[in-house]
Amino acid sequence: MKSKKTFYITTTLPYVNDTPHIGHTLEYVRADMLARTAMQNGRRVFFNTGTDEHGQKVYDKATTLGEDVQLYVDRYAAKFREVLSALNITKTIHFTRTTDSNHILAVQEMWRRCLKNGDIYKARQIIKYCKGCELEKTDSELNYGKCPLHPNYIIDVREEENYFFSFSKYKDKLLKLYAERQNFVIPSSRLNEVRTFVENGLRDFSVSRLKEKMPWGVPVPDDEAHVMYVWFDALTNYISALGWPEDLNGTYRDFWEQGEVVQLCGKDNLRQQCAIWQAMLGSAGLPHPTRILVGGFLISDGHKMSKSIGNVIDPFEILKKYGTDALRYYLLRHINPFDDTDVTVEHIHEMYTAHLVNGIGNLASRIMKMAETYLDVPVDCTSVSIPDIYSVNLARFAFHEVMDSIFVKINSLDERIASEEPFKKVKEDVEMGKLIITSLVQELFSIANLLAPAMPETAQKIFLAIEKNKKPENMFPRIS
C-alpha cells in the first residue's frame with residue numbers, strides 16, 4: 001500500500017511537576033527518528049509534543065512551593081523545551097502547552113460536542129483516586145489499598161457531585177475498532193490488554209473537579225463551579241495542536257483526517273490513549289489515529305523510573321558527559337521498544353565505548369584517513385540507496401532492530417578492511433587499492449545515510465568528511 005503523503009507523529013505530554021528525566025527523552029528521540037525518516041522520504045511531517053500543565057499534581061506542587069501556578073508551569077515548560085533542544089530534535093517540532101488559549105478553546109469545544117451527544121452528565125459518586133496517575137481506581141487495581149505504580153501516594157476517597165463521561169456506552173464500539181484494525185495498538189500484547197480491559201466492562205468516569213477544591217484547570221463551559229479533569233483536557237492536545245476545531249489552514253484535515261497518524265505513549269497510558277481518548281473521539285464524531293505505539297517502562301532499582309519515586313537518571317548529565325548522539329544511540333538501540341528495560345549509567349558508558357568510540361567513530365576515521373591520503377578527489381556517493389530491511393524494521397517500530405542492522409554493516413565494514421587490507425593493497429596496486437577505498441567510502445556514506453534520522457550530528461560529520469575528503473575530528477572521544 002502506498003504511504004500517505006502526510007505524517008503526524010505525537011508523543012504524550014509530560015506533567016510539569018518536576019524536571020525532565022531520561023524516560024521523557026525516550027519518546028522524544030523515537031518520535032524524532034520517525035519524523036526525520038518520513039522527511040527523508042519526502043513526506044510532509046507534523047511533529048507534536050509539549051507539556052501537560054493542569055491537574056492536581058501540578059497545582060499541589062506549585063502551592064507547596066508557594067509559587068504562582070502559571071509562573072510555575074512557565075518555568076518548567078522552559079525546561080522541557082531545553083531538553084528538546086539539547087537532544088537535537090528536529091526544528092519542525094510543534095510544542096503544545098495545555099495552558100495555551102487555543103488549546104483551551106479546543107478542549108471546551110470537545111466538551112460541548114460530547115455533551116451534545118449525550119455523553120456528559122452530572123452525578124454524585126464515591127470514587128477512589130490516585131493523584132500520581134490522575135486516574136480513578138477500582139479495588140481490583142489497588143494493591144493493599146495503594147496504586148502499584150505510585151505506592152508513595154495515599155489513595156483519595158472522594159464523594160462529590162461532578163460531571164461524568166459515559167465511558168460505559170463505548171464498550172462495543174471500542175471492541176469493534178480493535179477487531180477491525182488489528183495493528184491499531186502496537187505491540188499486539190498491548191492491544192490484547194486494552195481489549196481485555198474493555199471486555200471486562202467500562203465505568204463512567206468523572207471529567208470535572210469542583211473549582212473551590214482544585215481551581216487549576218480548563219473551565220467547564222457554562223458552569224463556573226467546575227474545571228475539567230486533567231485527562232479530558234490533555235488528550236485533546238493531539239488535535240488542538242493541528243488547529244482543530246476551526247482548522248483555518250487545513251492542517252487538521254491534512255494530517256489527522258487524511259494523513260498517517262502515529263501516537264507514542266508508555267504502557268501506563270494504555271487505558272487513557274487506547275480507550276478513553278478513542279471514546280472521546282467517537283463521542284465528538286472525529287476519526288481515530290492510525291496507530292498507537294505503546295512502550296515499556298525504563299526500570300531503575302527494580303522500579304519504573306519515576307519522578308515521584310525519585311529513581312530517575314538526569315538526561316542533562318548524560319548529554320554533558322557523552323554528547324547528544326550518544327544518548328540518542330543508546331535509547332534507540334539498547335531500549336526495547338515494547339518491553340521493560342533496565343537502564344544504568346554504567347551500561348550507557350559500556351555501550352558508548354564499545355559501539356561508538358570503537359565502532360562507528362573508529363571506522364569513519366580509518367576510512368577517511370585512507371581516502372584523504374590516497375584519493376585525489378572526493379568520492380561520488382549519489383547512487384547509494386537505503387536497504388529494504390531498514391524500512392521494514394522501522395515500519396514495525398523495531399527501533400533496536402533498525403539500529404542493529406546498521407551496526408551489522410559497521411562491523412562488516414571493519415571486517416572487510418581487516419580482510420582486504422586496502423592500506424597495504426594501495427601500495428602494491430595503486431588502482432586496485434583506490435577502487436577498494438572508494439568502495440569503502442561509499443559504504444560509509446550509506447551507513448551515514450541510515451544513521452541520519454537516529455544520529456543526525458554523527459551523520460552530518462561523516463557527510464562533511466566525505467565531501468571534503470578529510471579525516472573527521474574525533475567524533476566520540478574516549479571517556480574514562
Side-chain angles (χ1 to χ4, degrees), residues 29 32-42 45 84-93 319-333 352-387 390 394 402-403 405-414 416-417 422-423 426 433-479:
V29 170
D32 192 54
M33 184 177 184
L34 293 170
R36 287 176 181 270
T37 301
M39 287 187 286
Q40 198 176 57
N41 292 332
V45 174
L84 288 167
S85 177
L87 287 166
N88 193 20
I89 301 301
T90 175
K91 300 299 186 292
T92 60
I93 196 167
L319 290 165
K320 182 179 180 180
K321 185 171 183 179
Y322 297 100
T324 298
D325 274 9
L327 179 56
R328 290 176 65 107
Y329 160 80
Y330 184 83
L331 294 171
L332 291 168
R333 190 179 186 197
Y352 170 84
T353 304
H355 302 296
L356 300 184
V357 177
N358 297 333
I360 182 60
N362 182 56
L363 178 69
S365 293
R366 293 176 70 193
I367 291 175
M368 292 314 301
K369 177 61 177 175
M370 288 187 287
E372 181 180 351
T373 303
Y374 298 110
L375 302 182
D376 300 324
V377 295
V379 174
D380 179 11
C381 297
T382 54
S383 62
V384 175
S385 61
I386 294 178
Y390 179 99
L394 196 61
V402 171
M403 298 300 288
S405 68
I406 298 172
F407 277 79
V408 164
K409 287 177 67 69
I410 291 169
N411 292 337
S412 296
L413 213 52
D414 265 328
R416 181 182 169 192
I417 293 171
F423 45 88
V426 73
K434 285 185 176 182
L435 283 175
I436 295 173
I437 294 170
T438 297
S439 174
L440 291 172
V441 173
Q442 290 172 333
E443 288 293 326
L444 180 64
F445 181 92
S446 173
I447 288 169
N449 209 26
L450 294 173
L451 282 176
M455 301 170 65
E457 287 183 2
T458 301
Q460 191 56 42
K461 288 177 181 178
I462 294 173
F463 289 145
L464 190 60
I466 292 172
E467 181 184 334
K468 294 185 174 182
N469 199 38
K470 296 287 184 181
K471 176 180 176 291
E473 295 294 325
N474 191 0
M475 292 186 291
F476 297 102
R478 194 171 298 276
I479 298 172

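Just so it is clear, the values below take in all heavy atoms, side chains as well, and ignore hydrogens, waters and symmetry mates.
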Shortest non-hydrogen pair, Ala364 vs Pro472, comes out as O-CD, 4.1 Å
What's the separation between atom CG in Leu394 and atom CG in Leu450, rounded to the nearest 0.5 Å? 11.0 Å
About how many Å separate CD1 of Ile447 and CD1 of Ile410, when rounded to the nearest 0.5 Å? 5.0 Å
Which label fits His355 and Tyr329: parallel for a plane angle under 30°, tilted from 30 to 60°, or perpendicular past 60°? tilted
Considering non-hydrogen atoms only, spot the tightest contact between Leu356 and Ala326 and give its length. CD1-CA, 3.7 Å
So, do Leu413 and Ile367 sit near enough that their side-chain heavy atoms are less than 4.5 Å apart? yes
Quick one: CE on Met370 to CD1 on Ile436, what's the gap to the nearest 0.5 Å? 9.5 Å
Roughly how far apart are Lys91 NZ and Ser85 OG, rounded to 0.5 Å? 6.0 Å
Any side-chain heavy-atom pair of Thr37 and Asn41 under 4.5 Å: yes
Within a strict 4.5 Å, meaning less than it, do heavy atoms of the Ile466 and Met368 side chains meet? yes
Parallel, tilted or perpendicular, as decided by the 30° and 60° cut-offs, for the rings of Phe476 and Tyr352: perpendicular
Nearest atoms (heavy-atom pairs only) where Val357 meets Thr353: CB-O, 3.4 Å
Ignoring hydrogens and geometry, is there a side-chain-to-backbone donor-acceptor pair from Asn469 to Asp376 under 3.5 Å? no
Looking only at non-hydrogen atoms, find the nearest pair between Leu440 and Pro422 and report the distance. CD1-CG, 3.8 Å
Under 3.5 Å, side chain of Asn358 to main-chain N/O of Ala354, donor-acceptor pair present? no
Between Ser412 and Val408 (side chain of the first, backbone of the second, donor and acceptor by atom type, cut-off under 3.5 Å), is there such a pair? yes
Give a yes or no on whether the backbone of Met455 and the side-chain of Arg328 come within a donor-acceptor separation of less than 3.5 Å. no
What one should report as the nearest heavy-atom pair of Arg36 and Pro453 is CD-O, 3.5 Å
Test your reading of the model: is there a side-chain donor-acceptor pair from Asn449 to the backbone of Phe445, 3.5 Å cut-off? no
How long is the straight-line distance from CG of Asn362 back to CE of Met475, given to the nearest 0.5 Å? 9.5 Å
Answer with yes or no whether the side chains of Thr458 and Asp325 bring together a donor and an acceptor at under 3.5 Å. yes
Output the distance between atom CD (Gln460) and atom CD (Glu467), rounded to the nearest 0.5 Å. 8.5 Å
Does Thr324 use its side chain to pair, donor to acceptor, with the backbone of Ala86 at less than 3.5 Å? yes
Can you check side-chain contact (heavy atoms from CB on, under 4.5 Å) on Leu87 and Leu319, steps first, answer last? CA-CA 8 Å; Leu87 287 166; Leu319 290 165; 4.2 Å; yes
For a side-chain contact (heavy atoms from CB on, under 4.5 Å) check, start with the C-alpha distance between Leu363 and Ile417, then their side-chain angles and the critical distance, and finish with the verdict. CA-CA 9 Å; Leu363 178 69; Ile417 293 171; 3.8 Å; yes
What is the minimum heavy-atom distance between Ala448 and Ala459, and which atoms define it? O-CB, 3.3 Å
Residues Asp414, Arg366; criterion side-chain contact (heavy atoms from CB on, under 4.5 Å); working and verdict: CA-CA 9 Å; Asp414 265 328; Arg366 293 176 70 193; 3.2 Å; yes
